[in-house]
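Worth saying up front: this structure is predicted, and the values here are computed from it rather than measured. Atoms within each ligand, like the ligands themselves, are counted from 1 in listed order. Note that these values count all heavy atoms, side chains included, but never hydrogens, waters or copies made by symmetry.
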Amino acid sequence: MNFNVVLLPGDGVGPEIIDAAVAVLNAVERKFGHNFHMRALPVGGSAIDSTGVPLPKDTLEACKAANAVLLGAVGGPKWESVSAHLRPEKGLLALRSGMGLFANLRPVSLYSELVNASPLKSDIAKKGVDIMIVRELIGGIYFGERGFRDGVMGQEAYDTEVYSINEIERIAKIAFEIASSRNKRVTSVDKANVLDTSKLWRATVERIAKSYPDVKLEHMLVDNCAMQLVKDPSQFDVLLTSNLFGDILSDEAAAITGSIGMLPSSSLGAGNIGLYEPIHGSAPDIAGKDEANPIGTILAAAMMLGTSLKLVDEAVAVENAVKRTLAKGLRTKDIAGGKKHVSCSRMAEEIALAILN
Ligand code: IPM
Ligand code: MG
């Protein structure tokens, strides 16, 4: 079949990890007889350099018209001093919002091969980690009113968190749907002992839960959740949370799997089209060194195949190829524990070969 995929390499290690994912997608094309028309467009800092804005209109239009979008990473020290509305990250936020992608799914699993790379004590790691983080993506404090102003104690800055019932309902439904096909447990994470947005979040999630009697709902305060993630992550199935809490908890959850380089994510809205990206950033310190771990991006490509392109066998083939390559002992630097490691491009070649063989 034919598909249109927009590639957004972005900044830092973005281009390297997107090349890695393309090598794997090329193997999928060959093995399964598909045709992915892949077109690379600018976003983030590189878009600021080439067009003056972090999300050029043409990029957004092409993304909306594609079957799916695969993104590397945005940001870097080069653009730290540009004014806030021109920061590379603004490009990513405008893309998520412009495409209406309110649901960010971040699957967290600890591969048995990587138990030693996990900072968890082995008795905790052995119990396994298999969590789906469902993060609200286009609301909350990321998108509320903000600014600088003169206050009674001099200059001050403020950011506001706003959540409507409608925004909470639609993300909660996604979490319950996903839990229905997993272990039937939703942990909704908030700060309802302090924040009004969290009180509304809790009450709304309670109401949605009534339509899913098979799914067990539990509420957890975000500070406790951060602690539970390192004490016993095996207790969680689906974690449902806001934009900011989801950002923070997903980095923590990634670390317990051995490396932030391992985790993919998909961002979905009302339609089929999705944005797929690793959860990590642009890692400017290792950019251009062919050292990054491409697995998060390759697994994001697998999510793209399974979700937006509805190529479920192909998605499973990519996931299995990743597992087989790890089982063979290949490791990028971040998961090698100081031992022998391979480059980003070599890891991708091996995964592509595993698909073809
Ligand atoms: C993520 C990233 C982004 C976010 C940044 C780059 C704006 O940290 O996808 O987790 O905060 O959402
Ligand atoms: Mg983040």
Consider only side-chain N and O atoms of [X] and [Y], and report whether a donor and an acceptor are under 3.5 Å apart.
| X | Y | answer |
| --- | --- | --- |
| Glu206 | His219 | yes |
| Asp290 | Ser345 | yes |
| Asp130 | Ser109 | no |
| Arg96 | Ser267 | no |

- Message: Give me the residue, atom name and distance of the protein heavy atom closest to atom 2 (C) of ligand 1.
- Response: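 Of every protein heavy atom, Asp247 OD1, 4.0 Å lies nearest to atom 2 (C) of ligand 1.
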- Message: Checking a contact table here: which protein heavy atom is nearest atom 11 (O) of ligand 1, and how many Å away?
- Response: Tyr142 OH, 2.5 Å
- Query: Just wondering, is there an N, O or S atom on Asp247 that's nearer than 2.8 Å to the Mg ion (ligand 2)?
  - Reply: yes
- Heavy-atom distances under 4.0 Å are what count here, so tell me which part of Arg87 touches ligand 1: side chain, backbone, both or neither.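 Within the 4.0 Å criterion, Arg87 makes no contact with ligand 1.
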- Which part of Arg106 is near ligand 1, with near meaning a heavy atom under 4.0 Å away: side chain, backbone, both or neither? side chain
- Kindly assign one of parallel, tilted or perpendicular to the pair Phe176 and Tyr212, based on the angle between their ring planes and the thresholds 30° and 60°. parallel
- Do any N/O atoms on Arg96 end up under 3.5 angstrom from N/O atoms on ligand 1?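 Yes: some nitrogen or oxygen of Arg96 is under 3.5 Å from one in ligand 1.
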- Message: Determine whether Lys126 and Asp123 satisfy the following criterion, salt bridge (charged side-chain N to carboxylate O under 4.0 Å, His left out), listing intermediate values before the conclusion.
- Response: CA-CA 5 Å; Lys126 265 194 267 158; Asp123 55 323; over 6 Å; no
- Query: Counting each atom of ligand 1 from 1 as listed, which ones have a heavy atom of Arg135 under 4.0 Å away?
  - Reply: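 Counting from 1, the qualifying ligand atoms are 1 (C), 4 (C), 9 (O), 10 (O), 11 (O), 12 (O).
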